[in-house]
Amino acid sequence: MRRVVFVIFIAAVAAISVFPQSGTPGGEKTVEQKYLSTSVEIGIISELAAADTREQKLVALDSIEQMLGDGKIKGGDTQIHTVLKGLSGEGISIVVRESSRKTNDYPEVRRRAAKLLGELGGENSKNTLIDVTLKDNEPMVLSQAVYALGIIGMNDKNESLMAIARVIDTDAKKAVVDDNLAVASLLAIEKIAKKNGGFAEEPDPKFIYRSIISIQQGNYGPNVKKWAGLLIDRLKQY
């Protein structure tokens, strides 16, 4: 916590030195000042994301969420994407060990990073989320990743659909399946279909119907299975 306070204090000093006075007579900052202010905030976020503790990483995610909500970050921002990419792989792609013990396995950090990647959008975010579906095995992270792919909606050559299908097919084969993961996948599939007016012709999208049917015929709850059947009917319009 002391580190967090110290970093914020340093950032505040930096911000004061960069903006000693208002940029216009009305007190509003100029475009250049707003850009520099945002850069300072992103610098703070990057430091927090790279810190050792789970709490500092969550503070970084809180800050990104706030900036996205305030419209301070443009869709697809590469700096923020780099931060979120690192956080989405915390404990998976980025592993810290002490005495052979992994010390940075933070599923909640990865889940929230996946959520914000969906809100950030863009090609880079889509590619990172597909990577998450390939490497992570935590259901709550996978649920958020597939749903975020649906939010972004990009599906060139059915690549997002293929990622979602892999997640469904892996889960459906388990002795204990995850209803939340199935629901997130079904929602994502429908979002992608709506945003693209259907699916790409190549590769043949029949694979996604097989995955939906695996939910319909699997060990999922009755409402989830019913939802899968209804989705197949709705997809016929495309």
Side-chain angles (χ1 to χ4, degrees), residues 3-4 7-8 10-12 14-15 17-19 23 29-54 56-96 104 106-136 141-142 144-164 188 191-192 195-196:
R3 282 189 183 180
V4 176
V7 171
I8 293 173
I10 292 298
S17 65
V18 172
F19 312 120
K29 293 177 182 177
T30 64
V31 173
E32 292 80 6
Q33 286 176 324
K34 287 180 179 179
Y35 174 79
L36 288 171
S37 177
T38 300
S39 296
V40 169
E41 287 185 67
I42 293 174
I44 297 169
I45 290 168
S46 298
E47 290 295 325
L48 289 168
D52 296 333
T53 70
R54 174 180 178 274
Q56 287 168 299
K57 296 178 191 299
L58 290 174
V59 171
L61 290 164
D62 287 340
S63 300
I64 293 172
E65 187 170 29
Q66 184 66 50
M67 291 182 76
L68 282 168
D70 292 343
K72 292 182 179 180
I73 302 172
K74 293 181 179 179
D77 184 283
T78 54
Q79 288 178 291
I80 290 297
H81 168 259
T82 298
V83 175
L84 289 174
K85 180 179 180 179
L87 291 171
S88 71
E90 195 70 43
I92 302 295
S93 301
I94 301 170
V95 178
V96 178
N104 68 325
Y106 305 136
E108 177 61 11
V109 169
R110 301 198 302 273
R111 184 195 68 79
R112 289 193 58 194
K115 175 179 180 292
L116 293 175
L117 282 165
E119 294 177 17
L120 181 66
E123 186 79 17
N124 290 333
S125 293
K126 180 261 296 177
N127 291 336
T128 297
L129 287 165
I130 289 175
D131 194 51
V132 169
T133 67
L134 288 168
K135 295 178 179 177
D136 213 304
V141 179
L142 291 172
Q144 193 68 69
V146 295
Y147 186 76
L149 283 171
I151 294 292
I152 294 173
M154 293 180 175
N155 189 45
D156 187 45
K157 297 181 181 179
N158 286 327
E159 55 185 348
S160 292
L161 276 187
M162 287 190 283
I164 295 168
K191 285 179 179 296
I192 289 171
K195 290 189 177 184
N196 295 279

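Atoms considered below: every heavy atom in the structure, side chains included; atoms not considered: hydrogens, waters and symmetry mates.
Gln66 meets the side chain to side chain contact (heavy atoms under 4.5 Å, CB included) test with Asp70; sequence neighbours excluded. Contacts of Ala163 classified as side chain to side chain contact (heavy atoms under 4.5 Å, CB included), with partners at least two apart in sequence or in another chain: Ile130, Thr133, Leu149, Arg166. For Lys135, the side-chain hydrogen bond (donor to acceptor under 3.5 Å, both in side chains) test picks out Asp131, with sequence neighbours left out. For Lys115, the salt bridge (Lys or Arg N to Asp or Glu O under 4.0 Å) partners are Glu65, Glu119, not counting sequence neighbours. Under the salt bridge (Lys or Arg N to Asp or Glu O under 4.0 Å) criterion, Lys195 pairs with no residue at all, not counting sequence neighbours. With sequence neighbours left out, the side chain to side chain contact (heavy atoms under 4.5 Å, CB included) criterion links Ala60 to Ile45, Leu48, Ala49. In this structure Ser46 satisfies the side chain to side chain contact (heavy atoms under 4.5 Å, CB included) test together with Ile42, Val83, sequence neighbours excluded. For the side-chain hydrogen bond (donor to acceptor under 3.5 Å, both in side chains) test, no residue two or more places apart in sequence or in another chain qualifies with Asn124. Partners of Asp62 according to the side-chain hydrogen bond (donor to acceptor under 3.5 Å, both in side chains) rule, which considers only residues two or more places apart in sequence or in another chain, are Arg112. Partners of Ser125 according to the side-chain hydrogen bond (donor to acceptor under 3.5 Å, both in side chains) rule, which considers only residues two or more places apart in sequence or in another chain, do not exist here.
Here the side chains of Ile164 and Ile192 are in contact, with some heavy-atom distance below 4.5 Å. Leu84 places a side-chain heavy atom less than 4.5 Å from the side chain of Leu61.
Contact record, Gly118 with Ala148: CA-CB, 3.7 Å, taken as the closest heavy-atom pair. Across every non-hydrogen atom of Gln56 and Ala51, the tightest pair is OE1-CB, 3.2 Å. Smallest separation of non-hydrogen atoms from Arg110 and Gly89: CD-C, 4.3 Å.
Residue pairs that meet the salt bridge (charged side-chain N to carboxylate O under 4.0 Å, His left out) test with at least one member in residues 77-91, sequence neighbours left out, are Lys57-Glu90. Pairs of residues two or more places apart, or lying in two chains, that qualify as salt bridge (charged side-chain N to carboxylate O under 4.0 Å, His left out) and include a residue from residues 146-164 are Lys126-Glu159.
Side chain of Asp136 to backbone of Val132: no donor-acceptor contact under 3.5 angstrom is found. Judged purely by atom type and a 3.5 angstrom limit, Asn155 uses its side chain to pair as donor or acceptor with the backbone of Leu161.
With rounding to the nearest 0.5 angstrom, the CE atom of Met67 is 11.0 Å from the CG atom of Leu120. A distance of 7.5 Å separates CG in Leu129 from OG in Ser88, rounded to the nearest 0.5 Å. Between the OG1 atom of Thr53 and the OH atom of Tyr106 there is a distance of 6.5 Å, given to the nearest 0.5 Å.
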